[in-house]
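Notes to accompany the following structure.
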Amino acid sequence: MPTLVSLEEAAALIHDGMTVMVGGFMGCGTPHDLIDVLADSDVKDLTIICNDASMPGGPMRENHYGVAKLVHNHQVKRFITTHVGLNPEVAKQSMEENTLEVILVPQGSLAEMIRAGGAGLGGVLTPTGVGTIVEDSPLCLGKQTIHGKDYLLMDAIRADIAIIAGSVVDPKGNIWYRGATSNFNPLMATAADTVIVEAEEIVYLGYIRPEDVRTQSIYIDYVVRGGKKRGTV
Amino acid sequence: MERSEIKGFIAKRVAKELHDGDVVNLGIGLPTLVPQFLPDDVHVVLQSENGIVGTATVDDWTHSPLHIVDAGGSPSAVDAGGAFIDSATSFAMIRGGHVDATILGGLEVDAEGSLSNWIIPGKKMPGMGGAMDLLVGAKNVIVAMEHTAKGTPKILRKCKLPYTAVKCVDKIITEMAVIEVTENGLLLTEYNPEFSVEQIQAATEAELAISPDLKPMCEG
């Protein structure tokens, strides 16, 4: 059974220098309330693993949206991601100020590398990135030819902590995702030592039918009540 | 052609490449204009790599309660009969050959069908997002872009920028021409009658072979 904690208690689990997976795609399916609390804290030197760097302005006129807040606050020292083009702050910190290391990985590879990290696999063989500079990535372990076709061996990825967003969460930590909010969340839930889900709604046990559970309770360590700032409860 | 007409002209021609029932992934920008030019009897299933099969379109955030965005992060919706999936499932679909066509823009394309569109070293590094997987996995790869960058050729003998993927492009569609990538290089199959074949070649660094069936683009 996961522990229900406050946003502040959850954020206090994240320490300087940790590797943190953050769910979401351009802020959709991101644990926004937890990120707000982290952005107000002094935690720094984080390695963030997230699909993208989000964007400076959010859909509800937020000033910095999702992980963009942490980047803006210089709390991130290393960013493993697939796309940062809509957040100019990343280019500034990585190419002008040299304070942020960015490792770009193909999106399908990142998804599968995280899945592998959570599934006990040593890595992923993918044709994606063959013949490109992805071959030089620190996360690419080599090239193999199988049945005449070239593949890159991409490393499995795990994190100290995953912070994910769940639309409907029951007291055991089972999760159902609304709309397109699942994206990386179910994968990250399996690939970190500690997993915190920010629940948009917490429901009674049995509300989510077993066949509709998308992330199973056993992966979840902490549940926090969130979603309020998104106006979606 | 007026500059403002270029994107629509290209998108209209790209629409002819799609068939009823195709599963299609569209890149950001110009490719998103393509569906509006599909004839009434051609229905495609749009796949968005962030996790939608059967993507519908909406105009603004008021239609989307923050739970549905497309692969560009813009508000989106799902068609009746559509589905939401996680990122691993989405890319299994893409790499596994279940997407019939992908349409995306390019900074450079070359005679071998290699594409560069994700990084300009030292200047811009937006990232590859899902593009590398789409180029490797989609059955039909169509590059839809302006023929030149303000007069500078983008269709080259060999890409100078880092590749997004090598030997992956099937067809290049611009405001000047339709060009197929063959084992022997680039084949000009259609031309915009506003330009001569010589003008098209002059705007293209790579050598173009002329198809014996060469015809004008987009009549009607």
Side-chain angles (χ1 to χ4, degrees), chain A residues 23-29 32 51-55 58-60 65 81-87 90-91 94-95 102 104-116 126-134 167 177-188 200 214-215 230-232, chain B residues 28 48-52 55 60-62 64-78 83-96 112 114-116 118-119 121-137 161-168:
Chain A
F25 189 108
M26 290 305 295
C28 176
H32 288 281
N51 175 70
D52 53 75
S54 193
M55 47 197 165
M60 313 295 272
Y65 193 46
T81 183
T82 81
H83 198 271
V84 296
L86 298 181
N87 184 347
V90 174
S94 64
M95 291 195 290
V102 178
L104 289 162
V105 183
Q107 200 169 115
S109 302
L110 183 66
E112 210 61 27
M113 290 155 75
I114 294 168
R115 199 186 72 81
T126 176
T128 305
V130 169
T132 75
I133 56 176
V134 172
S167 306
Y177 300 97
R178 185 172 285 123
T181 62
S182 65
N183 51 68
F184 279 81
N185 285 305
L187 311 170
M188 291 176 171
E200 212 171 89
R214 296 275 305 279
T215 289
R230 316 293 322 132
T232 49
Chain B
I28 298 168
S48 297
E49 65 266 27
N50 60 307
I52 312 176
T55 311
D60 61 74
W61 285 103
T62 59
S64 174
L66 304 166
H67 295 123
I68 311 177
V69 299
D70 64 17
S74 298
S76 190
V78 67
F84 294 114
I85 51 180
D86 66 62
S87 299
T89 307
S90 178
F91 281 92
M93 213 171 255
I94 289 165
R95 280 188 314 263
E112 294 187 322
S114 300
L115 174 71
S116 301
W118 71 282
I119 190 169
K123 285 186 183 165
K124 276 189 177 170
M125 45 155 236
M128 67 290 274
M132 287 190 176
D133 297 280
L134 282 158
L135 290 169
V136 163
L161 295 170
Y163 293 126
T164 312
V166 294
K167 298 177 185 171
C168 58

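Just so it is clear: chains get the letters A, B, ... in the order the sequence lines come, proteins before strands, and each one is counted from 1. Model, not experiment: these values are computed from the prediction. All heavy atoms count here, side chains included; hydrogens, waters and symmetry mates do not.
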Nearest heavy-atom neighbours spanning B:M132 and A:P106: SD-CG, 3.6 Å
Let me know if A:V102 has heavy atoms under 4.5 Å from chain B in its side chain, its backbone, both or neither. side chain
Considering non-hydrogen atoms only, spot the tightest contact between B:M125 and A:S94 and give its length. CE-OG, 3.4 Å
Sort B:I85 into side chain, backbone, both or neither according to what part of it lies under 4.5 angstrom from a heavy atom of chain A. backbone
Does a donor on one side chain and an acceptor on the other come within less than 3.5 Å for A:T128 and B:D133? yes
Distance col, row B:L115:CG vs A:T132:OG1, nearest 0.5 angstrom, shows 12.0 Å
Among A:L110, A:V105, A:N185, which residue has the highest count of heavy-atom pairs closer than 4.5 Å to chain B? A:V105
State, to 0.1 Å, how close A:L104 and B:W118 come at their nearest heavy-atom pair, and which atoms those are. CD1-CZ3, 3.8 Å
Look only at the side chain of B:N50 and the backbone of A:F25, and say whether a donor-acceptor pair between them is shorter than 3.5 Å. no
With a 4.5 angstrom heavy-atom cut-off, is it the side chain or the backbone of B:S48 that approaches chain A, or both, or neither? neither
Any side-chain heavy-atom pair of A:N51 and B:S87 under 4.5 Å: no
Under 3.5 Å, is there a donor-acceptor pair between the side chain of B:R95 and the main chain of A:T126? no
Check each atom of B:A88 against the heavy atoms of chain A and say whether the ones under 4.5 Å are side chain, backbone, both or neither. both
B:D86 CG to A:R115 CZ distance, which is reported to the nearest 0.5 Å: 9.5 Å
Toward chain A, the part of B:K124 with a non-hydrogen atom under 4.5 Å: backbone
So which of A:A111, A:C28, A:G131 has the largest heavy-atom pair count under 4.5 angstrom toward chain B? A:C28
Closest contact, heavy atoms only, B:G130 versus A:Q107: N-NE2, 3.7 Å
Okay, A:V134 and chain B: the region with an atom under 4.5 Å from a heavy atom over there is side chain
Given side chains that start at C-beta, do those of A:E112 and B:F91 come closer than 4.5 Å, heavy atoms only? no
Closest heavy-atom pair and its distance - B:I52, A:A180: CG1-CB, 4.2 Å
